[in-house]
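Letters A, B, ... are given to chains in the order of the sequence lines, protein chains preceding strands, and every chain is numbered from 1. Just so you know, these numbers come straight off a predicted model, no measurement behind them.
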Amino acid sequence: MSPKRPTYALVDCNSFYCSCERLFRPELRQVPVVVLSNNDGCVIARTPEAKALGIKMGDPFFKIRDALKAKGVVAFSSNYELYGDISSRVQRTIESLAPRVEVYSIDESFADLTGIAEPLGDFARQIQARVRSWTGMPVGIGIGHTKTLAKAAQHASKLYKERTGGVVDLRADHAVEWLLKRMPTQEVWGVGRRISVRLEADGVTTAWQLANTDPKTIRQRYGVVLERTVRELTGEPCIELQEAEPDRQAICTSRMFGERVTTLEAMREAVASYMHRATQKLRKQQSLTAVFRVAVLTSPFGDGPKYANSVMCYPPYPTDDVLLLTRAAMEGLEVIWRDGYRYSKAEILLMDLRKRGEFTGDLFTPSQPARSDDLMRVLDLINVKFGKNALHSGRMPIDATWAMKREMMSRSYTTSINQLMRFKAL
DNA sequence: TCTGGGGTCCTAGGACCC
DNA sequence: TCTGGGGTCCTAGGACCC
């Protein structure tokens, strides 16, 4: 084995959202905890204790509310401000030890361990211990020669936590074989429900069988994505580490309402609010949008009349000006709005994003005037200083009737001076 | 009453061009 | 009788991820 052979670690926070809540509620360490989606809709994170009680991902909260209470499960509304801040602390801690890190999601990072001194198992335990001591977050770590194998190793570290202490080194061939033989295809990174059903019909049920199919045949029957997965399972790297986070190609803000919207006026407020949020993300990555889409939808559930429609809107020039975009969105909304429905959701999708400067105006296509730039700069400065929604367009309400329901939300302990943790001396 | 949100990549097919 | 071929761009839809 060449010492240069690529080696990756996947660092994964255990039940991330739930663990964030537990950080500031130590009395819940042994108590089953779940975190709910927006509007307290359904379960999106569970501690092992909650899993053991049979609570499933996606269980609608209103159906299991009483059962949760009876079993002593504590439920939280999702608090993304808190999770986002804890996440960046964990990432910075990992980066203090590993030179090259890809932030893969809010609770997972890949680290490139190529060339790091053996034993790597000890190095991984060092990361684990430092994250625990600096942030309080428990993490599991998997090591492999490809990202897909590192993922599989991390999966095993969770499954066999007692034996492994949450660190699995899956570089040896016999270890790979042992694990993949016990791993259903659907647990493999990149194999979802649809593909696993088709694979099963082809007689492939374990990751080991998948690793031993002919990649060319897989490409023909399933496409290049699965082919890469197969190669990665055999130890051939096909997916590289992405250190720099690429700019988004589309920015979407869509949310269910806390209660149904039935008037155009309320829908205008909602669309303006979503545009406010979407353009903040847009300006953060310093892009301009040339086309966007506004959509309104009724709930797919229940037996009320259903309606969903969307419209593409074209601002006069690529822009990040929330006022201009909000006006255009209001015109678009007029086109698709129909009275008589109980709307459950609206959506803003900013598309055709361009970097500033990439777009060159000419005589006939103007570009954004400097006063818009100035105004947006001031808007963002004020909102950084006084909170995300301190300054906003007049269309956006201060207190909306349709706002998200979050009845069980914890404090923003780490990001708001008014919500710090409090102690009482006895 | 009440069922998440935000992304990515790939492919197929149509329009259009020379 | 015989009815091109290759390229690009765009869009819609499907699959996946957390």
Side-chain angles (χ1 to χ4, degrees), chain A residues 10-17 34-46 56-66 68 75-80 83-84 87 102-110 147-148 151 154-155 185-199 218-229 238-239 242 245-260 262 274 277-278 281-282 285 290-291 293 295 297-304 310 312 342 344-353 402 404-408:
Chain A
L10 178 70
V11 185
D12 176 290
C13 300
N14 299 340
S15 318
F16 181 63
Y17 296 168
V34 299
V35 172
L36 306 174
S37 64
N38 285 339
N39 284 313
D40 300 339
C42 57
V43 173
I44 54 168
R46 310 157 293 162
K56 300 262 168 359
M57 263 324 231
D59 275 353
F61 181 56
F62 74 95
K63 280 191 186 164
I64 59 169
R65 176 173 224 146
D66 295 337
L68 291 188
F76 287 94
S77 306
S78 35
N79 181 347
Y80 287 104
Y83 310 153
S87 172
E102 169 189 345
V103 178
Y104 176 66
S105 73
I106 195 164
D107 67 336
E108 285 173 74
S109 296
F110 283 103
K147 287 168 92 174
T148 304
K151 269 277 206 184
Q154 192 280 322
H155 176 74
T185 53
Q186 216 197 299
E187 308 293 339
V188 175
W189 187 43
V191 180
R193 230 193 73 249
R194 296 300 182 97
I195 299 277
S196 70
V197 168
R198 285 177 57 197
L199 283 172
I218 289 288
R219 186 196 194 107
Q220 274 174 3
R221 290 184 54 83
Y222 296 90
V224 300
V225 181
L226 194 64
E227 183 199 4
R228 282 202 282 260
T229 299
C238 302
I239 308 171
Q242 281 197 328
E245 209 171 322
D247 283 326
R248 306 256 166 265
Q249 294 175 22
I251 289 172
C252 179
T253 302
S254 105
R255 221 155 278 143
M256 307 264 308
F257 305 128
E259 58 186 59
R260 299 285 189 254
T262 55
Y274 293 5
R277 182 73 196 110
K281 298 186 214 170
L282 181 70
Q285 70 167 41
V291 190
R293 195 180 73 185
L297 302 82
T298 56
S299 168
F301 303 100
D303 45 10
S310 68
M312 304 288 277
R342 303 179 68 243
S344 68
K345 184 174 174 175
E347 185 178 305
I348 294 285
L349 180 62
L350 307 183
M351 308 154 76
D352 196 1
L353 306 189
W402 45 265
M404 261 200 298
K405 234 190 294 175
R406 297 154 112 186
E407 286 169 354
M408 293 151 289

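- Residues meeting the side chain to side chain donor-acceptor pair (under 3.5 Å) test with A:Arg406, sequence neighbours left out: none.
- Across the interface with DNA chain B, nearest-nucleotide mapping of A:Ser254 and A:Arg65 shows A:Arg65 to be the residue nearer the 5′ end.
- For A:Thr185, the side chain to side chain contact (heavy atoms under 4.5 Å, CB included) partners at least two apart in sequence or on another chain are A:Val191, A:Ser196, A:Leu199, A:Val204, A:Leu210.
- For the contact set between residues 188-197 of chain A and DNA chain C, defined by any heavy atom under 4.0 Å, the members are A:Val188, A:Trp189, A:Gly190, A:Val191, A:Gly192, A:Arg193, A:Arg194, A:Ile195.
- A:Asp107 comes within 4.0 angstrom of sugar-phosphate atoms only, judged by non-hydrogen atoms across all strands, and of no base.
- Residues passing the side chain to side chain donor-acceptor pair (under 3.5 Å) test with A:Asn79, sequence neighbours excluded: A:Ser410.
- Applying the ring-ring contact (aromatic ring centres under 6.0 Å, His included) rule to A:Phe76 yields no partners; only residues at least two apart in sequence or on another chain are considered.
- Remark: the backbone N or O of A:Ile106 is paired with a side-chain donor or acceptor of A:Ser87 at under 3.5 angstrom.
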> So what does the secondary structure string of DNA chain B come out as, 5' to 3', with Watson-Crick or wobble pairs under 3.5 angstrom, [ ] for crossing and | for pairs with another strand?
Replying inline: ....||||||||||||||
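- Within the nucleic acid shown, A:Ser299 has no heavy atom closer than 4.0 Å to any nucleic acid atom.
- Looking at residues two or more places apart in sequence or on another chain, you find a ring-ring contact (aromatic ring centres under 6.0 Å, His included) between A:Tyr80 and A:Tyr17, A:Tyr83.
- In terms of the ring-ring contact (aromatic ring centres under 6.0 Å, His included) criterion, residue partners of A:Tyr104 (sequence neighbours excluded) are, by chain and number, A:Phe110, A:Trp189.
- Every residue two or more places apart in sequence or in another chain that forms a side chain to side chain contact (heavy atoms under 4.5 Å, CB included) with A:Ala290 is listed here: A:Pro318, A:Asp352, A:Arg354.
- Under the side chain to side chain donor-acceptor pair (under 3.5 Å) criterion, A:Glu245 pairs with A:Arg248, not counting sequence neighbours.
- A:Gln249 comes within contact range of the sugar-phosphate backbone alone, with a heavy-atom separation under 4.0 Å but no base atom that close.
- Within the nucleic acid shown, A:Arg277 has no heavy atom closer than 4.0 Å to any nucleic acid atom.
- Residues passing the side chain to side chain donor-acceptor pair (under 3.5 Å) test with A:Tyr274: none are found, sequence neighbours excluded.
- The residue A:Phe61 sits apart from the nucleic acid: no heavy atom pair falls under 4.0 Å.
- Within the nucleic acid shown, A:Leu36 has no heavy atom closer than 4.0 Å to any nucleic acid atom.
- Nucleotides of DNA chain C lying under 4.0 Å from heavy atoms of chain A occupy a range whose first and last members, 5' to 3', are C:dA15 to C:dC18.
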> Step by step, would you call A:Cys13 with A:Glu108 a side chain to side chain contact (heavy atoms under 4.5 Å, CB included)?
Replying inline: CA-CA 6 Å; A:Cys13 300; A:Glu108 285 173 74; over 6 Å; no
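- Between B:dC2 and C:dC18, the two P atoms lie 30 Å apart (nearest whole Å).
- Of the residues near DNA chain B, A:Asn39 and A:Phe62, the one whose nearest nucleotide (by heavy atom distance) lies more toward the 5' end is A:Phe62.
- In this structure, A:Arg260 reaches the sugar-phosphate backbone alone: every heavy-atom distance under 4.0 Å involves primed, P, OP1 or OP2 atoms, never a base.
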